[in-house]
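Below is one structure; the comments refer to it alone.
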2 protein chains.
Amino acid sequence: MQEATELAITFAALGDPVRRAIVDRLAAGDATVSELAAPFPISLQAVSKHIKVLEAAGIVSRRREGQTRPVRLEPELLDRTAAWLHEHARRLEARYARLDAVLDDMKENR
Amino acid sequence: MQEATELAITFAALGDPVRRAIVDRLAAGDATVSELAAPFPISLQAVSKHIKVLEAAGIVSRRREGQTRPVRLEPELLDRTAAWLHEHARRLEARYARLDAVLDDMKENR
DNA sequence: CCTGTACTCAACCATTTGGTTGAACATCAA
DNA sequence: TTGATGTTCAACCAAATGGTTGAGTACAGG
């Protein structure tokens, strides 16, 4: 990473396998930092850093709850990112369909 | 990056602003390496490397056409990635909706 | 108040990444 | 064939990333 567009940050955040796994886990429900860290062979601090990256990207939010810091996945950004991807895919498919039509036409009238 | 799941690779590939811009450009139609490199202040070789990353991720494909190597955006992977994101967002929204319903219920019956 | 628990912050290190330049390869055009 | 054009390959470098450990902060419970 190095720049600042929202989508670039989102993708960069999801580009790390540990962070992707964290997001997967959070899709099932909120979790504390220790809970999120448990499955990984890395230190709690490292996981804490990953969560910070996800939070900076707007993918998760944290709140304080006693001495624990539950993390919640925020759907909104994921939705917008999905929309971006979907729009690209849609446009491409339409374009390729038109191309195929032209080619078929050429074949028929040959 | 460091691992191998398809999605992690896809996201990592799209996480770089230059590569995201390349994908944006390709959504409008195929382009050669030089054409893709033109808007950027970096060397042609650097752009060539970026395209290699996108190709390895399965986001684009290259063919030879004379001395030129046109790059094409492949919709399929983008679609699958969008589906992943959308599914997460959908599940979350459903979960939060249920939560809200429960909270409303508690409020009514207080 | 003191101790343990749950984190975060800071300094540091190794590896990866994104860039560079220079040389090589493939194709077209003369 | 020779030279120009388009692109890739290789070696190299600086900066960013992901990890570590050690110290600090915030709250809960005895």
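Atom set for the values below is all heavy atoms of this structure, side chains included, hydrogens, waters and symmetry mates excluded. Every chain is numbered from 1 and lettered A, B, ... according to where its sequence line falls, protein lines coming before strand lines.
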Using a cut-off of strictly less than 4.0 Å, decide whether B:Ser48 has a side-chain nitrogen or oxygen near OP1 or OP2 of D:dT8.
yes

Does C:dT20 have its OP1 or OP2 closer than 4.0 Å to a side-chain nitrogen or oxygen of B:Ser43?
yes

B:Ser61: which residues meet the side-chain hydrogen bond (donor to acceptor under 3.5 Å, both in side chains) condition with it, sequence neighbours left out?
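For B:Ser61 the side-chain hydrogen bond (donor to acceptor under 3.5 Å, both in side chains) partners, ignoring immediate neighbours, are B:Glu74.
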
Check this for me, if you would: do A:Arg20 and A:Asp24 make a salt bridge, where the nitrogen-to-carboxylate-oxygen distance has to be below 4.0 angstrom?
yes

Of all residues at least two apart in sequence or in a different chain, which pass the side chain to side chain contact (heavy atoms under 4.5 Å, CB included) check with [X]?
X	result
B:Glu35	B:Arg25, B:Ala31, B:Thr32
B:Ala46	B:Ile42, B:Ser43
A:Gln67	none

How many whole angstroms separate atom [atom1] of [X] from atom [atom2] of [N]?
X	N	atom1	atom2	value
B:Lys52	C:dT17	NZ	C1'	14 Å
B:Leu14	C:dG18	CG	P	12 Å
A:Leu54	D:dG18	CG	P	11 Å
B:Ile51	C:dG18	CD1	P	14 Å
B:Glu35	D:dT5	CD	P	16 Å
B:Leu44	C:dA24	CG	P	18 Å
B:Asp16	D:dA16	CG	P	13 Å
B:Arg69	C:dC25	CZ	P	16 Å

What contact category does B:Lys49 fall into here, base, sugar-phosphate, or nothing, at under 4.0 angstrom with non-hydrogen atoms?
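Base contact.
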
Salt bridge (Lys or Arg N to Asp or Glu O under 4.0 Å) partners of residues 79-92 of chain A, not counting sequence neighbours, each pair once:
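The answer is A:Glu6-A:Arg80, A:Glu76-A:Arg80, A:Glu87-A:Arg90.
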
Using modelled atom types only, decide if a donor and an acceptor are shared between the side chain of A:Thr81 and the backbone of A:Leu77 within a distance under 3.5 Å.
yes

Under 4.0 Å from any atom of DNA chain C, heavy atoms only: list the residues of residues 19-33 of chain B that qualify, in numerical order.
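Those residues whose heavy atoms fall under 4.0 Å from DNA chain C, taken from residues 19-33 of chain B in numerical order, are B:Arg19.
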
How does protein reach along nucleotides 23-30 of chain D, written 5' to 3' as B (base within reach of a heavy atom under 4.0 Å), S (only sugar-phosphate), or - (no contact)?
---SBS--

For A:His86, give me all partners under ring pair (Phe, Tyr, Trp, His ring centres under 6.0 Å), at least two apart in sequence or on another chain.
none

B:Arg69: what forms a salt bridge (Lys or Arg N to Asp or Glu O under 4.0 Å) with it, not counting sequence neighbours?
none

Kindly point out which of C:dT8, C:dT20, D:dG19 is positioned nearest to the side chain of A:Ile42?
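Closest nucleotide among those given: D:dG19.
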
